[in-house]
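The structure appears below as structure tokens.
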Amino acid sequence: MSGVVYLVGAGPGAPDLLTLRAAKLLAKADIVFHDALVHPDTVALATRAEKVPVGKRCGKHSTAQKFINKRLVDAAQTHAIVVRLKGGDPMLFGRAQEEIAALEAAGVRYEVVPGVTAALAAAAELGISLTQRGVARSVAFVTPRIAEGEPPSDWAQSMAAADAGAIYMGSGQAEQIAAALIAAGKPPTTPIAIVESASLAESHRIFATLASLPRFASQFSGPAVILLGPQFRARAQSVRNSAVEEDSVPAPRRRALNSTD
Ligand code: SAH
């Protein structure tokens, strides 16, 4: 048997933010390896597949990446359609490249199916464009997280050079993030928005400034992205940098977002 491995983006959380291609593949899949962050209703679309959680959560790896790589290669010897289901988009902070390298080395065919990444789901939820015309012509996608053995990164410089940006996997590092960005030249008054669990019913968001980020970040326990840019100014000012938490979405929209109702 030489099966095909599909690296599939599950989107940010809401099961109906899955592409049609992904849904069709899940329905046909023989085996699905899924991240912990993927919504159970999305995994359940794989009606005939063996389902294997590989337990990655918020960037922490409870199943070693090398072991996942090996399992994908092995599964392609015994299953025709192997799906590796990842949160958001597989190609953005998703370690897809390591899996692709392992599949290529083993001569296993693969295909990548994109998904809606967290930053874009967060922008959608806020109704604030990441590339607001005349204000933000560049957007940086960054993470301050550096895994063991990786070289140091210039993430703060990249972020400081861009008009707007999205910070992934920043939870628990708010102080370091604010300090690094201010040191890299971003004004302390730079407006930010923190969006937790974008696309899900339990989503919430806070508008603040870079200097006040550490005060608010502890309120987030779920997956959250930090968005930065001048386009967030109006709302950041309207809450005067205080710990005002906006309700995530009005009640009717909440229901619509909760696709499983
Ligand atoms: N490949 C994923 C990112 C994986 S890294 C994507 O494209 O979205 C995991 C990080 O993504 C989390 O630490 C958090 O910063 C962000 N994230 C994932 N889901 C999210 C959600 N629903 N709302 C806000 N941030 C989310």
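For the numbers below, each heavy atom of this structure counts, side chains included, while hydrogens, waters and symmetry mates do not. Each ligand, and each atom within it, is numbered from 1 in the order the structure gives. What you see is a predicted model; the values in this text were computed from it and never measured.
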Original post:
Can you find a heavy atom in the side chain of Leu26 that is under 4.5 Å from one in the side chain of Leu18?
Top reply: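 Side chain of Leu26 against side chain of Leu18, heavy atoms only: contact under 4.5 Å found.
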Q. Can you tell if the side chain of Tyr110 reaches within under 4.5 Å of the side chain of Val82, non-hydrogen atoms only?
A.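 No, too far: nothing below the 4.5 Å cut-off.
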| query | What is the minimum heavy-atom distance between Pro144 and Ile167, and which atoms define it? | reply |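 Nearest pair, atom of Pro144 first, then Ile167: CD-CG2, 3.6 Å.
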Just go through [options] and tell me whose heavy atom is the nearest to [atom].
atom	options	result
atom 7 (O) of ligand 1	Asp35, Ile167, Val116, Thr117	Thr117
atom 24 (C) of ligand 1	Val38, Val195, Leu227	Val195
atom 19 (N) of ligand 1	Ser203, Gly9, Pro12	Pro12
atom 12 (C) of ligand 1	Met91, Met169, Lys86	Met169

Ligand 1 versus [X], non-hydrogen atoms closer than 4.0 Å: side chain, backbone, both, neither?
X	result
Ser197	backbone
Ala224	backbone
Thr143	neither

Distance-only N or O hit between ligand 1 and Leu92, under 3.5 Å: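 Yes; the residue has a nitrogen or oxygen that sits under 3.5 Å from a nitrogen or oxygen of the ligand.
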Looking at ligand 1, does Ala122 have a heavy atom less than 4.0 Å from it?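 Contact absent.
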Strictly under 4.0 Å, does any heavy atom of Gly87 approach an atom of ligand 1?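 Yes, Gly87 has a heavy atom closer than 4.0 Å to ligand 1.
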Discussion item. With a 4.0 Å cut-off on N to O distance, would you call Glu99 and Arg84 a salt bridge?
Written reply: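 Arg84 and Glu99: salt-bridged.
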**Q.** Hphob cluster co-occupancy, Met91 + Leu7, side-chain heavy atoms under 4.5 angstrom
**A.**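 Met91 clusters together with Leu7.
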Distance-only, no hydrogens or angles: does the Ser199 side chain make a donor-acceptor pair with backbone N or O of Ala121 under 3.5 Å?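 No, Ser199 side chain to Ala121 backbone: no donor-acceptor pair under 3.5 Å.
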Exercise for the section: Flag yes if more than 12 heavy atoms outside Gln97 fall under 6.0 Å of its CD atom; otherwise flag no. Expected result: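 Counting other residues, nucleotides and ligands, CD of Gln97 stays at 12 neighbours or fewer.
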